[in-house]
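This report refers to the structure that appears directly beneath it.
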Amino acid sequence: MSEHFDANQIDEAKDSEQFHRTPGPALPIISLVASIVGAAIGYYINWPVGVVLVITSIICGVLARKRRAPYRWAATVGIIISALCLVVCVVVVSIVMYQMQQMNSLLS
């Protein structure tokens, strides 16, 4: 026996499935992993790539918290690590710029 569904029943089933669908744990996990990898890459290899990963981590963490995804603790930890990495990056770049300015004034 084959069951016959008309187009309205299929559309209603899709709508009800999307309405009751909960977000998965992907965003919080991406937030945590991107913050750790971004911190490591930014410190050891290439800081602009690290900054991009850290900003991506913050965006994913905020989206995960707004959508009430599972593992919200991972999103929170990712946001905290990313914010600390951005602050450290700004401080390091400021110190380097200040030292370059001092060096230029000494050489002049």
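Fair warning: this is a prediction, and the values are worked out from it, not measured in the lab. When reading the values below, keep in mind they use all heavy atoms of this one structure, side chains included, and skip hydrogens, waters and symmetry mates.
L63 and V54 fall within the same hydrophobic cluster, defined by Ile, Leu, Val, Met, Phe, Trp and Tyr side-chain heavy atoms under 4.5 Å apart, directly or through other members. Y44 is connected to V49 through a chain of hydrophobic side-chain contacts under 4.5 Å among Ile, Leu, Val, Met, Phe, Trp and Tyr, so both are in one cluster. Using a 4.5 Å cut-off between side-chain heavy atoms of Ile, Leu, Val, Met, Phe, Trp and Tyr, with links allowed through other members, I36 and I29 fall into different hydrophobic clusters. Note on L84 and V91: separate hydrophobic clusters, where clusters join Ile, Leu, Val, Met, Phe, Trp and Tyr whose side-chain heavy atoms are under 4.5 Å apart, directly or indirectly. When the side chains of ILVMFWY residues are joined at heavy-atom separations under 4.5 Å, either directly or via intervening members, W47 and I55 end up in a single hydrophobic cluster.
In this structure the side chain of L32 never reaches within 4.5 angstrom of the side chain of P28, judged on heavy atoms. Under the 4.5 Å side-chain criterion, counting only non-hydrogen atoms from C-beta, S82 is not in contact with I80. At a threshold of 4.5 Å between non-hydrogen side-chain atoms, the residues R65 and I79 count as touching. Counting only heavy atoms from C-beta outward, the side chains of L86 and V90 never approach each other to under 4.5 Å.
Distance alone, capped at 3.5 Å, is enough to place a donor-acceptor pair between the T76 side chain and the R72 backbone. Formation of a donor-acceptor pair under 3.5 Å by the S57 side chain with backbone atoms of L53 is not found in this model. In this structure, S31 contributes its side chain and C60 its backbone to no donor-acceptor pair below 3.5 Å.
Scanning both residues, G24 and A69, for their nearest heavy atoms gives O-CB, 3.7 Å. In terms of heavy-atom proximity, I58 sits nearest to A83 at CD1-N, 4.3 Å.
Rounded to the nearest 0.5 angstrom, Q101 CD and L106 CG are separated by 11.0 Å.
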